[in-house]
Amino acid sequence: MTEYVVRFLVGGAVVSAFAMLGDILRPKSFAGLFGAAPSVALATLGIAVYLHGAGYAVVQSQAMIAGAVALAVYSVVVCHLLVRTQLRAAPATLLSLVVWLMVGFGLVTLAAACPGEGESGSSTWRCANTGNYGVSAHVGSRVNRHERETP
Amino acid sequence: MTPIRFSASALREGRWYEYLIRFALGGAATVFTGLVSSRYGASIGGVCLALPAIFCASATLIEKHEVRRKRQTGLDAGRRGQKAAALDAAGAALGALGMLVFAIVFWLTVENSIAIGFIGASLAWLIVSVAAWYGRRRMRSVRRPRSKPPRR
């Protein structure tokens, strides 16, 4: 429970700091860069490194690549929806979440389907700390190695 | 002269509850990512590190502020709010490129040094995002006739 309270406070503080920076910067397109700042990532990866070690954060950052590609596609879709349709910002950003979900998890699934270069060569892997199974062979090998190295 | 400038007055336009909403959304997104990671594994949780939850709130607030500003000056807001939010979204697309580089640099460096992982990835995000923004701006100014002022 304490872990999630800390997550909430740290995440809220980092996100607010980036959002305020975005508020005071002009022009608006430049301020938009801070709308895609890795604020949640900094907070989450910091906590992940502290609680689970660098190996766990490595797996998260590899999957984040798919999320970042999805975010770029999502932002372009939102921009086009706002310019070309009569949609307001709230429905446009919420509807486009479907695109983010499809691209993000589509890429992760695609990465899992492709044969990885991991040491294990397996298509599934087990998280060192939570015991849950993931989907990427390559990232799994990093966690397994970390698991072996961690006493 | 750099086209980037600070406008501290923008902070006064915001209401206290808007900052509270952003704090709560940021905290909730971080908790959500943690919950997804512990339930479905770090790989699935990692995708959520790029969750655009904050962007939804920011774009809505930008639209609201633009409409409010126009109404206060007695002008018809029209579609100005949506256009302001669209500009923010265009910037976010460039910022997402920076986020991509952030993830790659963090992945490659954090196992060697945690501090270098965080500092290097953050710097990479900033450099790539700003460079992409300048690149886009340059391309647009080349395409646009000189007589028209650059759109911001």
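Chain naming here is simple, since letters A, B, ... match the order of the sequence lines and numbering starts at 1 in each.
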(message) B:Phe55 vs A:Trp100, test: ring-ring contact (aromatic ring centres under 6.0 Å, His included). Steps then yes/no.
(response) CA-CA 12 Å; B:Phe55 176 77; A:Trp100 180 83; over 10 Å; no
Answer with side chain, backbone, both or neither: which region of [X] has an atom nearer than 4.5 Å to a non-hydrogen atom of chain A?
X: B:Ile114; answer: side chain
X: B:Leu108; answer: neither
X: B:Leu35; answer: both
X: B:Val101; answer: neither

Heavy-atom cut-off 4.5 Å, strictly under: side chain, backbone, both or neither for [X] against chain B?
X: A:Tyr74; answer: side chain
X: A:Leu42; answer: both
X: A:Glu3; answer: neither
X: A:Ser16; answer: side chain

(request) Go through the steps to decide whether A:Met20 and B:Tyr19 satisfy the test side-chain contact (heavy atoms from CB on, under 4.5 Å), and finish with yes or no. (result) CA-CA 9 Å; A:Met20 284 171 85; B:Tyr19 294 108; 4.0 Å; yes
Using side-chain heavy atoms (C-beta onward) and a distance below 4.5 Å, is [X] in contact with [Y]?
X: B:Phe23; Y: A:Val15; value: no
X: B:Thr30; Y: A:Tyr4; value: no
X: A:Phe18; Y: B:Ser58; value: no

Please determine, among [options], the option with the most heavy-atom pairs under 4.5 Å with chain A.
options: B:Ala84, B:Gly26, B:Gly95, B:Ser129; value: B:Gly26
options: B:Gly98, B:Ala59, B:Ala50, B:Ala57; value: B:Ala50
options: B:Leu25, B:Thr60, B:Ile104; value: B:Thr60

(request) Could you walk me through whether B:Met99 and A:Leu71 pass the side-chain contact (heavy atoms from CB on, under 4.5 Å) test, one step at a time? (result) CA-CA 9 Å; B:Met99 192 187 264; A:Leu71 183 63; 3.8 Å; yes
(request) Mind running side-chain contact (heavy atoms from CB on, under 4.5 Å) on A:Met64 and B:Phe102 for me, showing each step along the way? (result) CA-CA 9 Å; A:Met64 189 186 163; B:Phe102 172 96; 3.5 Å; yes
Distance-only, no hydrogens or angles: does the [X] side chain make a donor-acceptor pair with backbone N or O of [Y] under 3.5 Å?
X: A:Gln60; Y: B:Leu49; answer: no
X: B:Glu63; Y: A:Ala89; answer: yes
X: B:Gln82; Y: A:Val83; answer: no

(message) Below 4.5 Å, heavy-atom pairs only: which of A:Ala66, A:Ala17, A:Ala13, A:Ala31 has the largest tally toward chain B?
(response)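 Sorted descending by pairs with chain B, the first entry is A:Ala13.
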(request) For chain B, find which of A:Ser96, A:Ala43, A:Ser39, A:Ala41 contributes the most heavy-atom pairs closer than 4.5 angstrom. (result)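 Max contact count across the listed options: A:Ala41.
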(message) Side-chain heavy atoms under 4.5 Å apart, restricted to Ile/Leu/Val/Met/Phe/Trp/Tyr: what other residues fall into the cluster of B:Leu61, or is it alone?
(response)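 Besides B:Leu61, the cluster holds no residue at all.
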(message) Show, in sequence, the C-alpha distance, side-chain angles and deciding distance for B:Val110 and A:Ser61, and conclude whether the side-chain contact (heavy atoms from CB on, under 4.5 Å) test is met.
(response) CA-CA 10 Å; B:Val110 75; A:Ser61 61; 5.7 Å; no
(request) Kindly compute the distance separating CG (B:Leu51) from CG (A:Leu97), expressed to the nearest 0.5 Å. (result)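 Taking CG in B:Leu51 and CG in A:Leu97, the distance rounds to 7.0 Å.
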(request) Could you tell me the separation between the CG atom of B:Leu126 and the CG atom of A:Leu33, rounded to the nearest 0.5 Å? (result)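 It comes to 9.0 Å.
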(message) Tell me every residue that passes side chain to side chain contact (heavy atoms under 4.5 Å, CB included) with B:Ala28, counting only those two or more places apart in sequence or in another chain.
(response)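 B:Ala28 satisfies side chain to side chain contact (heavy atoms under 4.5 Å, CB included) with no other residue.
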(request) Let me know which of A:Ile47, A:Val40, A:Leu45 forms a side-chain contact (heavy atoms from CB on, under 4.5 Å) with B:Thr33. (result)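 Exactly one candidate clears the test, A:Val40.
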